[in-house]
Amino acid sequence: NGAVVEIKHIEKDFRSKQLIKDAILGNDFLKNLDSTQVREIVDCMYEKRIKQGNYIIREGDAGQHVYVSADGELEVLKNNKVLGKMNAGKAFGELAILYNCTRTASVKALSDVCVWVLDRRVFQTIMMKTGLQRQEENIRFLRSVPLLKNLPTDKLARIADCLEVDFFPENDYIIREGETGDTFFIINKGEVKVTQKVTGVDNPVEIRRLTRGDYFGEKSLLSEDRRTANVIALPPGVECLTVDRDHFNALIGDLNELREKDY
Ligand code: PCG
């Protein structure tokens, strides 16, 4: 039916966001979603606690939710026979929703359990957005990135198509000075601190902060060299859109602003 479904974003910490993302990408039926859909699912899931011994899903029921396990131990049963166990970081309950069939197995809490939940209608709304709508959303963001805002739309569209999303809890080292790296980052949410070793000083020294729309990680991709600074997520955490080395080389690496950048 055509009723409008409200897409509500639920605050959560960045460790949980990354757990949900990894669970989705680790599920055979969900792993081909694009980064916009993954981000929407991450933003819309809400938390639910289930006491030990209770069922989260019952075989034969109509499915109303998709889940990601966050904490505790779960058991999967079919005809009262145990099919397996699941720990934190697994997406489940997707089959009845994707294929509009009844639950194919039961899922029971073996301990007190915490799960992330997405309502079927919200999931379907996220899935029904067309590729074009999703691309437009990414292009709109890319136009707000100073580095990219003057690029022609067709080029932005190609960059939009290869973006991935990554979540970093506060204090996480997104980049470590001296390591090799293959990723270019654009900040979508949050703030980072850039620090660097200085000869004669014990601890790396802070050299700047970067925020939404700023980018980093270009230096070692341009020179095929090691990371020249640390980049650390500030509280409450950071959401980055990322581009891998091959796409960076093909679509971004030749921008003059990058080549001429002199920190
Ligand atoms: P890279 O790949 O060397 O990884 C660390 C990143 O920190 C670097 O790319 C830049 O994108 C970013 N950065 C931000 N400010 C500075 C700075 O002043 N000097 C250097 N070397 N890198 C910086």
Side-chain angles (χ1 to χ4, degrees), residues 13-15 17-19 21-22 25 34-36 38-39 42 137-152 155-263:
D13 64 74
F14 285 74
R15 197 172 300 284
K17 291 185 186 195
Q18 186 68 21
L19 173 125
K21 178 206 143 177
D22 288 338
L25 297 187
D34 78 21
S35 60
T36 325
V38 174
R39 247 190 301 143
V42 165
E137 235 167 82
N138 274 334
I139 291 178
R140 210 172 318 129
F141 169 70
L142 291 177
R143 273 198 210 292
S144 75
V145 176
L147 171 72
L148 306 172
K149 65 165 191 266
N150 293 322
L151 291 179
K155 190 137 187 204
L156 285 181
R158 289 168 63 202
I159 298 173
D161 284 342
C162 71
L163 292 176
E164 301 290 333
V165 65
D166 246 318
F167 303 93
F168 302 94
E170 61 193 62
N171 303 325
D172 238 29
Y173 278 67
I174 304 172
I175 286 182
R176 269 183 204 278
E177 187 172 357
E179 290 189 348
T180 56
D182 289 308
T183 310
F184 176 69
F185 301 83
I186 304 170
I187 302 175
N188 192 30
K189 277 188 194 150
E191 204 185 352
V192 301
K193 178 170 86 174
V194 182
T195 71
Q196 207 172 30
K197 245 182 276 162
V198 174
T199 357
V201 182
D202 277 351
N203 291 317
V205 174
E206 176 169 340
I207 45 180
R208 80 184 76 246
R209 293 188 175 207
L210 304 171
T211 185
R212 179 176 163 86
D214 290 334
Y215 61 85
F216 57 89
E218 79 291 356
K219 265 179 144 340
S220 57
L221 295 190
L222 289 170
S223 62
E224 315 234 336
D225 218 335
R226 298 198 171 246
R227 296 296 195 185
T228 58
N230 301 296
V231 180
I232 305 159
L234 290 170
V238 175
E239 176 182 317
C240 288
L241 299 176
T242 65
V243 178
D244 65 28
R245 182 185 283 274
D246 291 343
H247 288 108
F248 177 85
N249 284 339
L251 298 166
I252 300 174
D254 59 353
L255 296 178
N256 284 334
E257 172 181 334
L258 284 189
R259 304 228 153 246
E260 289 156 10
K261 187 147 187 124
D262 182 20
Y263 285 103

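We number each residue from 1, following the sequence as shown. As the structure lists them, so they are numbered: ligands from 1, and atoms in each ligand from 1. Being a predicted model, the structure only gives us computed values, none of them experimental.
- Taking a cut-off of under 4.0 Å to the non-hydrogen atoms of Ile175, the atoms of ligand 1 that pass are 4 (O), 5 (C).
- The protein atom (non-hydrogen) at minimum distance from atom 6 (C) of ligand 1 is Gly217 N, 3.9 Å.
- Polar contact check, Ser220 against ligand 1: a nitrogen or oxygen pair lies under 3.5 Å apart.
- Under the 3.5 Å distance criterion, the side-chain polar atoms of Thr195 are left unmatched by any main-chain donor or acceptor of Pro204.
- Annotation: side chain of Leu210 is not in contact with side chain of Phe185 (no heavy-atom distance under 4.5 Å).
- Nearest protein neighbour of atom 5 (C) of ligand 1, counting heavy atoms only, is Ala229 O, 3.5 Å.
- Nearest to atom 15 (N) of ligand 1 among the protein's heavy atoms is Arg208 NE, 2.7 Å.
- Remark: side-chain polar atoms of Lys21 are not paired, donor with acceptor, to backbone N or O of Phe167 under 3.5 angstrom.
- Nearest protein heavy-atom contact of atom 10 (C) of ligand 1 is Tyr263 OH, 3.4 Å.
- Considering backbone and side-chain N/O atoms, Phe216 never comes within less than 3.5 Å of an N/O atom of ligand 1.
- In this pair, Tyr215 and Phe184 present their aromatic rings tilted. The plane angle is within the 30 to 60° band.
- Within the 4.0 Å heavy-atom criterion, the part of Val231 lying near ligand 1 is the side chain and not the backbone.
- Where the criterion is an N or O separation shorter than 3.5 Å, residue side chain and backbone included, Arg226 fails it with respect to ligand 1.
- Arg227 contributes no side-chain N or O that, together with a main-chain N or O of Lys219, makes up a donor-acceptor pair within less than 3.5 Å.
- For the residues Lys219, Gln196, Arg209, the heavy atom positioned nearest atom 9 (O) of ligand 1 is part of Lys219.
- Between atom 20 (C) of ligand 1 and the options Thr228, Ile174, Thr180, the minimum heavy-atom separation is to Thr228.
- Heavy atoms from other residues, nucleotides or ligands lying under 6.0 Å from CZ of Arg15 number 12 at most.
- Using a 4.0 Å cut-off between heavy atoms, Glu218 contacts ligand 1 through both its backbone and its side chain.
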>> Working note: Glu179 + Tyr173, criterion side-chain hydrogen bond (donor to acceptor under 3.5 Å, both in side chains); need CA distance, chi angles, decisive distance, verdict.
In response: CA-CA 11 Å; Glu179 290 189 348; Tyr173 278 67; over 6 Å; no

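- Less than 4.0 angstrom separates some heavy atom of Ile207 from each of these atoms of ligand 1: 16 (C), 17 (C), 18 (O), 19 (N).
- A salt bridge does not link Asp214 with Arg209: none of the charged nitrogens is closer than 4.0 Å to a carboxylate oxygen.
- Looking only at protein heavy atoms, the nearest one to atom 4 (O) of ligand 1 is Arg227 CD, 3.5 Å.
- Formation of a donor-acceptor pair under 3.5 Å by the Gln196 side chain with backbone atoms of Ile207 is not found in this model.
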